[in-house]
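Residue numbers start at 1 and run along the sequence shown.
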Amino acid sequence: MGRSGGKKVINFYNSSGDVNNIIKFLEEVQKKINYLNLNCKVDGKVIKITLFGPRDLQYLASERLRELANQYL
């Protein structure tokens, strides 16, 4: 069945450069992705999110993160 865990890194770009957008995005991430461990690193306009845990949950979280990024970034 393959590996059950690991990590996945996803990068997002805050094209507007507005810090408030990043804050809103991270607040929503905190609310909506509470079933998986993740780390966020913000470097200028780039947001690097590392997901840890089962691959199926990583996939679900990736989809939600992309939706949130489309909404806020």
Sorted by chain and residue number, the side-chain contact (heavy atoms from CB on, under 4.5 Å) partners of Ile23 (sequence neighbours excluded) come out as Val19, Asn20, Glu27

Do any pairs count as a salt bridge (Lys or Arg N to Asp or Glu O under 4.0 Å) and have a residue in residues 34-49, sequence neighbours left out, and if so which ones?
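Sorted result for residues 34-49: empty, none.
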
Filter on ring pair (Phe, Tyr, Trp, His ring centres under 6.0 Å), then keep only pairs touching residues 24-69, sequence neighbours left out; what's left?
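Qualifying pairs: Phe12-Phe25.
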
Decide, yes or no, whether a salt bridge links Lys31 with Glu28 under the criterion of side-chain N to carboxylate O below 4.0 Å.
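Salt bridge flag = yes for Glu28 with Lys31.
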
Can you sort out the partners of Gln58 under side chain to side chain donor-acceptor pair (under 3.5 Å), two or more places apart, ordered by chain and number?
none

Applying side chain to side chain donor-acceptor pair (under 3.5 Å), name anything that partners Ser16, two or more places apart in sequence or on another chain.
Asn14, Asn21

Considering all heavy atoms, the nearest Gly44-Val42 contact
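Result for this residue pair: O-CG1, 3.8 Å.
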
Would you say Leu60 and Leu36 make side-chain contact, with heavy atoms under 4.5 Å?
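The answer is no, as the side chains (C-beta and beyond) never meet within the 4.5 Å cut-off.
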
Which value, rounded to the nearest 0.5 Å, describes the distance between [X] atom [atom1] and [Y] atom [atom2]?
| X | Y | atom1 | atom2 | answer |
| --- | --- | --- | --- | --- |
| Thr50 | Lys8 | OG1 | NZ | 12.0 Å |
| Ile22 | Leu73 | CD1 | CG | 7.0 Å |
| Ile10 | Leu65 | CD1 | CG | 5.0 Å |

Please name all residues satisfying ring pair (Phe, Tyr, Trp, His ring centres under 6.0 Å) with Tyr72, sequence neighbours left out, ordered by chain then number.
none

Can you check whether Ile33's main-chain N or O pairs, donor with acceptor, with Arg64's side chain at less than 3.5 Å?
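Side chain of Arg64 to backbone of Ile33: no pair is present.
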
Residues which pass salt bridge (Lys or Arg N to Asp or Glu O under 4.0 Å) with Arg66, listed by chain and number, not counting sequence neighbours:
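Here the qualifying residues are Glu63.
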
Could you list who else is in Val46's hydrophobic cluster, with ILVMFWY side chains joined at under 4.5 Å, directly or through other members?
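Direct or chained contacts put Val46 with Tyr13.
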
